[in-house]
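Reviewing the structure listed below.
The structure presented is a predicted model; accordingly, all values stated were derived computationally and were not measured.
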Protein chains: 2
Amino acid sequence: MEIPGVVIARLPLYAQALEALAQKGEEVVSSQRLGEALGITPAQIRKDLSYFGRFGKQGRGYNVAGLLGSIRQILGLDRQWRMALVGVGRLGRAILSYEGFAPQGFHIVHAFDVDPEVVGRKFESLVVRHVRELEETLAQEPVDIGVVAVPPEAAQEVIDRLVRAGVRAILNYAPMTPRVPPGVQVRRIDPVVLLETMTYYLKGQEGVRFLQGRDPLFLR
Amino acid sequence: MEIPGVVIARLPLYAQALEALAQKGEEVVSSQRLGEALGITPAQIRKDLSYFGRFGKQGRGYNVAGLLGSIRQILGLDRQWRMALVGVGRLGRAILSYEGFAPQGFHIVHAFDVDPEVVGRKFESLVVRHVRELEETLAQEPVDIGVVAVPPEAAQEVIDRLVRAGVRAILNYAPMTPRVPPGVQVRRIDPVVLLETMTYYLKGQEGVRFLQGRDPLFLR
DNA sequence: GGGGATTTGTGCTATTTATAACATTTTTTG
DNA sequence: CAAAAAATGTTATAAATAGCACAAATCCCC
């Protein structure tokens, strides 16, 4: 059975919310309450989970730790994942120093760049190698995921090389859409694209602030 | 007529691809070619654009610069947008120094934090203010968008304050799902969540690398 | 320990989203 | 200049996604 991608995309959100609940010491949660925390209907959550099994107890709900464990296993988070970063400019260095990866089992084990100013230098105890050594390095010490933080003009070539080196998942910080063979996963991190989807809704609401909180009669 | 959110979400991708084409000196593009660049069917693109008008010419395609201009106008990118950053830790500083915002008309004009080590310091020619001055500052010099880069435990309160201060769009870098009143736009930037949607597909393919390129008979 | 209150998992229905197909227009070619 | 090729905009169709509603199970209270 092929599980819809939208369902998979929601699982990490469930996991994130469950972690917060566990932190707060909650032992049980209903689809109702989980849905309220995430802005998702309870039916949606139950349906999503039913693709993978039966995790709840009628009349009670879901055991927080238990469901979290199950979702983590479904997502493959019960192991560590190795990543290679390409592009160690400002953005790349910020990615290298991001503390959020390791606690979830994601580790950057290689860093590549072409800039002679950067190659050979050490960031976060990782020596930057020249991109020309990419294939060789990954043959010796493979990774599961490639993280791309190079200028958009260079991104396609970098991604091609990662894929040829056996990488089957790309986290793409470059503001472009790469072409990859089927079976290779790509996810985009592009704050500007997200901002642009919000401005559409902001546009033409300039008057709202002014009107806000006024006597409703003023509107007529 | 209410335009589907998925359609709005694709417009920035069209704009991005059109910018690349314009850069390359292309003057005209068909839905076919644009779709190939983005991994989207030509029918999808034509349908999306038809929500907003008729931009193409039968037998020819779309004028690259013209369509780009139209999409930018639809998205409200024909003006500048002011943003306030809350949280000037490692991540916040990386956001402050990100060069990708300004060229698209997005400008961080305020930065807030609570850490006395950071408040008062200058980053990218912006003096960090204490969060307690948030409401007052935004009353004096309003912004359109709030950018949140605080720890997840603090994010809900920060977002509440931004919303109360009149901000109607939030770019959320904190790994949590905030509750906001209707009409407030929220977009999430969470690399870990994206990584976790990929590991699902990677999981259980450990053998693929080994099998790749081998005699197909080996698979039986 | 019985009855009302909860809450799951799921079949069914509605809604949303994507694709296909085609008439129409424009361009290009011989 | 006529015919073939190319490409749009749109209507119709198909596929995917979400929500409803309810039987069944469990819990909790008196």
Between CZ of B/R54 and C1' of D/dT10 the distance, given in whole Å, is 9 Å
Quick one: A/E2 CD to D/dA16 P, roughly how many Å, whole number? 10 Å
Can you check nucleotides 26-30 of chain D for protein contacts, nitrogen or oxygen pairs under 3.5 Å, and list what you find?
unit_1: D/dT26; atom_1: O4'; unit_2: A/Q58; atom_2: O; d: 3.1
unit_1: D/dC27; atom_1: OP1; unit_2: A/K57; atom_2: NZ; d: 3.3

Side-chain N or O of A/R33 less than 4.0 angstrom from OP1 or OP2 on C/dT7? no
Give the rounded distance in Å between these two atoms: CD1 of A/I8 and P of D/dT17. 11 Å
Rounded off to whole Å, could you give me the CZ-to-P distance for the A/F52 and C/dT10 pair? 13 Å
Value for CG (A/L18) from CG (A/N63), rounded to nearest 0.5 Å, stands at 9.5 Å
Does a side-chain N or O of B/Y62 approach OP1 or OP2 of D/dG9 to a distance below 4.0 Å, or not? yes
When rounded to whole Å, the CG to P distance for the pair A/L49 and D/dT17 reads 17 Å
Greater than 12 external heavy atoms within 6.0 Å of A/E27's CD: no
Apply the test side-chain hydrogen bond (donor to acceptor under 3.5 Å, both in side chains) to residues B/Q23 and B/E19: give CA-CA distance (whole Å), side-chain angles for both, the deciding distance (0.1 Å), then the verdict. CA-CA 6 Å; B/Q23 204 88 48; B/E19 273 173 26; over 6 Å; no
Rounded to whole Å, please give me the gap between CD in B/Q44 and C1' in D/dA15. 13 Å
Nearest heavy-atom neighbours spanning A/G5 and B/Y201: CA-OH, 3.7 Å
Could I get a table of every N or O pair under 3.5 Å where one atom is in the protein and the other is in nucleotides 20-22 of chain D?
unit_1: D/dA21; atom_1: N6; unit_2: A/R46; atom_2: NH2; d: 3.2

Counting heavy atoms not belonging to A/R188, are there more than 12 under 6.0 Å from its CZ? yes
Tell me, yes or no, whether the heavy-atom count around A/R60 atom CZ, taken from other residues, nucleotides or ligands under 6.0 Å, exceeds 12. no
For atom CD of A/Q73, decide whether the heavy atoms of other residues, nucleotides or ligands shown that lie under 6.0 angstrom number more than 12. no
Whole Å only: how far is the CG atom of A/N63 from the P atom of C/dT7? 15 Å
Closest-nucleotide ordering on DNA chain D, the 5'-leading residue of B/P42 and A/R10: B/P42
When the distance from CG of A/L67 to P of C/dT8 is rounded to whole Å, what number comes out? 10 Å
Check whether any side-chain N or O of A/S31 sits under 4.0 Å from OP1 or OP2 of C/dT7, and answer yes or no. no
